[in-house]
Amino acid sequence: MPELPEVETIVRALKNGGRGEASILGKKIKSGEILWQKTLEYPGRSEFEAAIVDRGVMDVGRRGKFIDIDLGESHLLIHLRMSGDLRVELPPLSEALPHDRFLLNFKDGSRLAFNDTRKFGRIWLTQSTATPLKNLGIDPFDEVLTTDLFFLNLHKKKKQIKSLLLDQSFIAGLGNIYTDESLHRAGIHPIRSSNSLTLQEAGRLLQAIRATLNESIERNGASIDWVYRGGEFQNSFRVYQRTGRPCLICGTTIERIVVGQRGTHFCPQCQPEGVG
DNA sequence: CCTGAAACCTGTCTGC
DNA sequence: TGCAGACAGGTTTCAG
């Protein structure tokens, strides 16, 4: 479930409570338990376990799709990848669930559990947030990102627009759902070359990205398949997972192609291959 | 620089 | 019922 709106929803819940869960702000750490070795990306296990003890949760934030748990002198960074999820549990605690990969035990008896069926998720404990975040591109909501700058950046590359939007070093936070939804909203075909977009199209696309992400955040993100997180944005999808169904704008049948190895959904009428 | 394929993993669904 | 194959909200690495 991990694109910007879902990560943002989780971060807000960890910080302020919500989704039926408690805030972790101010909690003191008793221990960190690595249940699947490869989930810990950095540092080594013993160093990690020693360094995390006695730290307190000062703040929780988001950078792209990374969850940033500020421990004061260090940061615990979590990336959920494809199937990761976090939950806060209060005492009395039960056994860890199947697919739990990491447990952060607090001194008050509660814990933060990282569950990740596919084992792609990763955590880092770093002094500065630099290490895994240094290649992240601009946040879509950064006010520095104007239409002019976006247009300029698009024209520095010669890449299929869908793949470029998925590139986290170009813009941080979009994934497969929100690229498809944003491109449809902007009326741009997913395989258009980035440097072929006009200034007007760049403006439309940036506006579409922000509107789509904002609407999803308002609905607590999207919940699909068997992973239910209380989000509702899946009910507002225009093209994602709507192959063969009518476009909500023009009625044309939504098509599915593969772009950069990712399933891609679009309306051939609203998103023509040429400049629109 | 750009594209595609493969790898890392487990689970679900579809079709024969 | 069984089984192969496709597919899944992500990212990295490598070949051409």
Side-chain angles (χ1 to χ4, degrees), chain A residues 1-11 35-42 62-67 77-86 97-102 114-124 131-137 140 153-183 190-196 209 212-213 215-217 219-244 256-265:
Chain A
M1 358 152 323
E3 294 184 46
L4 190 154
E6 291 76 33
V7 174
E8 181 67 26
T9 300
I10 290 168
V11 163
L35 305 180
W36 177 255
Q37 202 62 38
K38 294 174 79 174
T39 297
L40 177 60
E41 184 77 28
Y42 182 87
R62 176 189 64 75
R63 186 74 177 84
K65 301 174 190 172
F66 287 84
I67 294 159
L77 301 173
I78 302 175
H79 198 303
L80 303 172
R81 294 281 173 88
M82 289 290 266
S83 59
D85 192 12
L86 294 174
L97 294 179
H99 312 306
D100 276 350
R101 309 302 181 196
F102 170 66
F114 178 25
N115 190 275
D116 181 25
T117 305
R118 293 180 68 181
K119 300 178 175 172
F120 290 159
R122 293 291 183 268
I123 63 177
W124 297 254
T131 321
L133 305 181
K134 66 175 188 299
N135 292 323
L136 275 190
N153 291 343
L154 288 171
H155 279 251
K156 284 179 187 165
K157 302 283 185 178
K158 201 181 302 181
K159 210 170 163 180
Q160 295 178 135
I161 184 62
K162 158 132 179 177
S163 296
L164 186 57
L165 294 179
L166 285 174
D167 183 344
Q168 301 300 298
S169 68
F170 181 76
I171 190 167
L174 296 179
N176 209 34
I177 294 176
Y178 298 100
T179 51
D180 282 5
E181 292 296 311
S182 299
L183 286 168
I191 65 169
R192 286 275 302 283
S193 181
S194 57
N195 68 344
S196 78
I209 289 168
T212 303
L213 294 176
E215 283 183 18
S216 184
I217 291 169
R219 291 165 176 70
N220 297 315
S223 312
I224 55 183
D225 294 339
W226 65 99
V227 184
Y228 181 71
R229 288 209 55 90
E232 293 296 336
F233 191 67
Q234 68 278 10
N235 300 319
S236 301
F237 287 165
R238 296 161 165 242
V239 288
Y240 187 79
Q241 287 190 340
R242 293 196 67 249
T243 309
R256 181 188 183 279
I257 57 177
V258 175
V259 178
Q261 297 188 92
R262 310 301 303 275
T264 298
H265 317 75

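All chains are named by letter (A, B, ...) in the order of the sequence lines, taking the proteins before the strands, and each is independently numbered beginning at 1.
One can place CG of A/Asn195 at 12 Å from C1' of B/dC1, the figure rounded to the nearest angstrom. Rounded to an integer number of Å, the gap from NE2 of A/His79 to C1' of C/dT12 is 12 Å. Rounded to an integer number of Å, the gap from A/Asp116 CG to B/dG11 C1' is 13 Å. As a whole-Å value, the separation of A/Glu181 CD from C/dG9 C1' is 12 Å. In this structure, A/Gln241 atom CD and C/dC7 atom C1' are separated by 10 Å, rounded to whole Å. Per the geometry, CZ belonging to A/Phe114 stands 12 Å off C1' belonging to C/dG10, to the nearest Å. When the P atom of B/dT10 is taken as reference, atom CZ of A/Arg81 falls 16 Å away, rounded to whole Å. We find that CZ of A/Phe66 is positioned 13 Å from P of C/dG10, with the value rounded to whole Å.
Considering only side-chain N and O atoms, A/Arg262 lies under 4.0 angstrom from the phosphate OP1 or OP2 of C/dG9. Taking only side-chain nitrogens and oxygens, A/Tyr240 comes nearer than 4.0 Å to OP1 or OP2 of C/dG9. Between A/His99 and B/dG11 there is a side-chain N or O to OP1 or OP2 distance below 4.0 Å. Between A/Lys157 and the phosphate of B/dC1, there is no side-chain N or O to OP1/OP2 separation shorter than 4.0 Å. In terms of phosphate contacts, A/Arg118 brings no side-chain nitrogen or oxygen within less than 4.0 Å of OP1 or OP2 of C/dT11. The phosphate of C/dT11 has OP1 or OP2 within less than 4.0 Å of a side-chain N or O from A/Lys65.
A/Arg81 is not listed as a side-chain neighbour of A/Ser83, based on a closest heavy-atom distance of 4.5 Å or more.
Scanning both residues, A/Leu4 and A/Ile217, for their nearest heavy atoms gives CD2-CD1, 4.0 Å. Annotation for A/Gly137 and A/Ala172: closest pair O-CB, 3.6 Å, computed over non-hydrogen atoms. Residues A/Leu165 and A/Leu174 come closest through the heavy atom pair O-CB, 3.7 Å. Of all heavy-atom pairs between A/Phe237 and A/Ala222, the closest is CZ-CB, 3.8 Å. Shown here for A/Gly221 and A/Pro5, the closest heavy-atom pair between the two residues is CA-CB, 4.3 Å.
Taking the six-membered ring where the residue is Trp, A/Phe66 and A/Trp124 present tilted rings, their angle falling between 30° and 60°.
Closest to the A/Gln261 side chain, of the nucleotides B/dA5, B/dG11, B/dC8, is B/dA5. Set against B/dA6, C/dG9, B/dC8, the side chain of A/Ile177 has C/dG9 as its closest nucleotide. Picking from C/dG9, B/dG11, C/dG10 the nucleotide with the shortest atom distance to the side chain of A/Ile224 gives C/dG9.
Look at B/dT14: its Watson-Crick or wobble partner, with both distances under 3.5 angstrom, is C/dA4. Base pairing of B/dC1 is not made with any nucleotide, judged by Watson-Crick or G-U wobble geometry with both donor-acceptor distances under 3.5 Å.
The same atom, P, is picked in B/dG4 and in C/dC7; the two are 16 Å apart, to the nearest Å. Spacing of C1' atoms, C/dG9 relative to B/dC2, comes out at 25 Å, to the nearest Å. Between B/dC1 and C/dG10, the distance separating the two P atoms is 24 Å to the nearest Å.
Looking at residues 158-170 of chain A, you'll see A/Lys158, A/Lys159, A/Gln160 sit with a heavy atom under 4.0 Å from some atom of DNA chain B.
Residue A/Phe120 and nucleotide C/dT11 are not classified as a stacked aromatic pair, given the requirement of ring centres less than 5.5 Å apart at an interplanar angle below 30°.
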A/Ser216 vs A/Tyr178, test: side chain to side chain donor-acceptor pair (under 3.5 Å). Steps then yes/no.
CA-CA 9 Å; A/Ser216 184; A/Tyr178 298 100; 2.7 Å; yes
